[in-house]
Amino acid sequence: MTEDLKRRKRTGGRAGNADRRGTAVIEQMPWNPPLNIDRPTEPLNDAGIAAIHDGAMRILEEIGIEILNPEALEIFRASTGCTISGTNLRMGREFVMEEVAKAPEQWTITPRNPDRRITMGGRHLNFGNVSSPPSYWDMKLGRKVTGTREMCANLLKLSQYFNCIHFTGGYPVEPQDIHASVRHLDVMYDALTLTDKVCHAYSLGKERVEDVMEMVRIAGGHSHDEFDATPRMFTNINSTSPLKHDAPMLDGWMRLARRGQGLVVTPFTLAGAMAPVTMAGAVAQSLAEALVAVVLAQLVRPGAPCAIGTFTSNVDMKSGAPAFGTPEYMRATQMTGQLARLYKLPMRASGVCAANVPDAQATWETSNSLWSAVQSGTNMVYHAAGWLEGGLIASPEKFVMDCEILQHIQRYMDPMLTATGPDEIAVDAIAEVGDQGHFFGIQHTQDRYTTAFYQPFLSDWRNFEAWEADGGVWTAQRAHQLVQDILASFEPPALDEAIREELADFVARRKSEGGAPTDY
């Protein structure tokens with residue numbers, strides 16, 4: 001199935017738009033981060049929202065969160081709303097809500113290309129690439145392999161190529177052929193030269209965070225004051241569930257807060273393992289763990305731009321393995337969205353699955369995850385393209401398959417589909433055709449035939465006989481060929497040569513200094 005992967009040319013009828021593409025590999029939708037025009041799905045009534053909020057506040061007041069970063073603990077200790085015993089932090093709800101209210105309801109992140117700016121909050125919806133798997137699905141070999149810099153760079157190229165990817169998260173795959181002490185330098189160099197989109201720093205100690213902030217500043221051509229004036233990048237941290245925040249992540253969190261950069265906190269609460277088996281309990285715990293970090297950011301810098309993330313799913317109670325894209329995952333995401341709106345904070349969710357290969361299971365679980373993000377009013381969707389095996393595998397074929405779903409969502413949100421003006425009601429066109437003709441040839445159709453309906457770049461709409469006669473190529477195989485074509489034709493975005501050299505010099509200097517410690 002994977003040995004004879006060949007490029008197919010669609011022609012005629014339902015075959016698609018290949019003849020209109022010119023030299024482009026695919027005809028994709030333009031860069032246009034969508035606005036979510038739908039009302040959010042709200043499974044909780046007012047009493048339910050109040051109950052989960054009260055649960056989160058009781059966790060903070062009565063149980064507390066372990067803060068394993070000494071500096072953060074001292075910042076909390078200096079605040080009158082906090083009670084500290086050892087590393088255990090408790091906070092009163094009035095204090096929590098007063099501090100959370102200081103975070104902006106909406107904020108933007110502006111990368112080196114200001115045309116790629118994204119907005120966090122409101123109805124804005126932004127999709128990002130897969131982040132942090134250690135392994136890579138090699139379709140030619142038919143197995144997963146250890147991630148390398150070349151694989152990571154190829155996924156960054158796909159992230160730049162697809163207009164429906166609006167930001168890059170962490171490493172699309174961990175390049176384990178680069179030593180961990182300098183890995184962040186090489187990958188950030190690749191990210192900043194192969195893409196011009198919003199990028200991310202891992203909060204794993206002082207050196208990594210400071211290096212990445214400096215590289216983003218250099219790439220944008222900013223002074224230090226210009227960098228600090230508005231978010232140019234972001235970090236995402238996870239609590240150590242249940243009920244802990246570790247030292248290196250809080251260190252990076254505070255460093256970015258001081259410089260006004262984007263902050264996203266996403267507890268990883270698996271119901272039945274690191275959180276209660278009930279979804280309401282898991283969501284309440286997740287919110288408590290997230291709000292602690294938001295409060296810390298406001299204590300460091302009032303008005304620091306924060307978002308809360310949800311990564312609440314369930315485990316397979318037979319094996320203990322994490323499950324994603326489940327009905328429970330979808331409801332937890334929607335419920336968290338209701339609480340995020342209560343706190344007036346932007347929200348992050350994910351496009352995830354537990355499937356091991358880019359197959360039907362991968363598609364339905366990812367689609368469930370993505371649509372639950374849409375339904376919840378999410379602003380930032382991590383891992384929206386390329387994720388497999390619960391985050392342990394990155395797949396370029398899955399990346400392309402997911403981008404088809406993302407374009408579906410973007411088109412679904414196009415106000416043109418729900419327009420109700422005279423041209424859309426089309427009474428004159430209906431009268432012209434009457435009950436004897438058809439609508440194919442009339443002017444109303446001819447004026448709109450190229451834009452009326454979504455045109456896929458990956459789906460094959462031909463009938464079985466035509467598909468079979470052309471080789472019977474399955475979806476993942478078609479995606480594989482598109483990956484090869486995109487990479488072969490990829491051109492990196494423009495970057496001033498002096499800036500490129502400054503970035504390279506910075507990387508070389510920091511490598512000579514040893515990079516970052518790896519003993520935490």
Side-chain angles (χ1 to χ4, degrees), residues 40-45 48-49 51-56 58-59 63 65 130-133 236-245 264-291 308-340 347-357 359-378 380-384 386-393 398 402 405:
T41 299
E42 299 191 328
L44 298 172
N45 58 22
I49 295 172
I52 290 180
H53 169 67
D54 181 66
R58 287 188 60 198
I59 292 168
I63 303 171
I65 308 292
V130 60
S131 301
S132 304
N236 178 90
I237 69 167
N238 307 111
S239 52
T240 308
S241 302
L243 304 180
K244 288 188 292 291
H245 277 280
V264 183
V265 53
T266 309
F268 184 13
T269 46
L270 285 176
M274 296 111 77
V277 72
T278 53
M279 302 317 294
V283 170
Q285 179 186 310
S286 173
L287 291 166
E289 295 175 6
L291 291 174
I308 57 174
T310 174
F311 211 80
T312 299
S313 191
N314 57 286
V315 295
D316 177 0
M317 298 304 283
K318 297 177 181 178
S319 67
F324 298 104
T326 63
E328 292 80 10
Y329 177 96
M330 297 178 74
R331 282 305 195 195
T333 303
Q334 295 161 0
M335 292 156 68
T336 304
Q338 291 183 262
L339 273 296
M347 179 170 149
R348 175 228 142 155
S350 299
V352 288
C353 67
N356 296 310
V357 294
D359 60 5
Q361 177 187 336
T363 304
W364 77 60
E365 289 179 353
T366 301
S367 184
N368 285 350
S369 300
L370 291 172
W371 279 107
S372 70
V374 172
Q375 294 162 350
S376 70
T378 289
M380 171 179 272
V381 186
Y382 245 60
H383 311 301
W387 162 295
L388 286 174
E389 201 197 356
L392 296 178
I393 297 175
K398 175 72 163 31
D402 291 339
I405 301 175

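Values below: all heavy atoms of this structure, side chains included; hydrogens, waters and symmetry mates excluded.
At distances below 3.5 Å, not a single donor-acceptor pair connects side-chain atoms of N368 with backbone N or O atoms of T326. Within the 3.5 Å criterion, the main-chain N or O of A362 finds a donor-acceptor partner in the side chain of T366. Remark: side-chain polar atoms of S350 are not paired, donor with acceptor, to backbone N or O of V352 under 3.5 angstrom.
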- S131 and H383: side chain to side chain contact (heavy atoms under 4.5 Å, CB included), yes or no, with the steps? CA-CA 6 Å; S131 301; H383 311 301; 3.6 Å; yes
>> I'd like to know whether F311 forms a side chain to side chain contact (heavy atoms under 4.5 Å, CB included) with N238, so could you lay out the CA-CA distance, the side-chain angles of the two residues, the decisive distance to 0.1 Å, and finally the verdict.
In response: CA-CA 9 Å; F311 211 80; N238 307 111; 5.9 Å; no
Point to revise | Chi angles and distances behind the side-chain hydrogen bond (donor to acceptor under 3.5 Å, both in side chains) call for T310, T333 | key: CA-CA 6 Å; T310 174; T333 303; 4.6 Å; no
message: Set out, in order, the CA-CA distance, both residues' side-chain angles and the distance that settles side-chain hydrogen bond (donor to acceptor under 3.5 Å, both in side chains) for Q285 and E289, then state yes or no.
response: CA-CA 6 Å; Q285 179 186 310; E289 295 175 6; 2.9 Å; yes
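No side-chain heavy atom of Q334 sits less than 4.5 Å from a side-chain heavy atom of P40. Looking at N356 and E389, their side chains come closer than 4.5 Å, going by heavy atoms from C-beta outward. Here the side chains of I49 and L339 are in contact, with some heavy-atom distance below 4.5 Å. Residues H245 and V265 form a side-chain contact, since some pair of their non-hydrogen atoms from C-beta on lies under 4.5 Å apart. At least one side-chain heavy atom of T41 sits under 4.5 Å from a side-chain heavy atom of R331. Between I405 and T363, some side-chain heavy-atom pair lies under the 4.5 Å cut-off. Annotation: side chain of P133 is not in contact with side chain of L392 (no heavy-atom distance under 4.5 Å). Residues W387 and D402 are not in side-chain contact: their nearest non-hydrogen atoms beyond the backbone lie 4.5 Å or more apart.
Residue M279 forms a side chain to side chain contact (heavy atoms under 4.5 Å, CB included) with just one option from I52, T312, T269, and that option is T312.
Considering OG1 of T240 and CZ of F268, their distance stands at 12.0 Å, rounded to 0.5 Å. The OG atom of S372 sits 12.5 Å away from the CE atom of M335 when rounded to the nearest 0.5 Å. Put simply, CH2 on W364 and SG on C353 are 11.0 Å apart, with the number rounded to the nearest 0.5 Å. If you take CD on Q338 and CG on L44, they are separated by 4.0 Å, rounding to the nearest 0.5 Å. Considering CE of M330 and CG of L370, their distance stands at 10.0 Å, rounded to 0.5 Å. Separating the OG1 atom in T278 from the CG atom in N314 is a distance of 12.0 Å, to the nearest 0.5 Å.
Contact between V381 and A373 at its shortest, heavy atoms only, is CG2-CB, 3.9 Å. When every heavy atom of S369 is checked against every heavy atom of G351, the shortest pair comes out as CB-CA, 3.8 Å. Across all non-hydrogen atoms, the minimal contact from G48 to N45 is N-OD1, 2.8 Å. Contact detail for A282 and P276: the closest heavy-atom pair is CB-O, 3.8 Å. For the residue pair A56 and A284, the shortest heavy atom distance occurs at CB-O, 3.6 Å. Taking both residues in full, the closest heavy atoms of I59 and A288 are given as CG2-CB, 3.8 Å, listed atom of the first, atom of the second, then distance.
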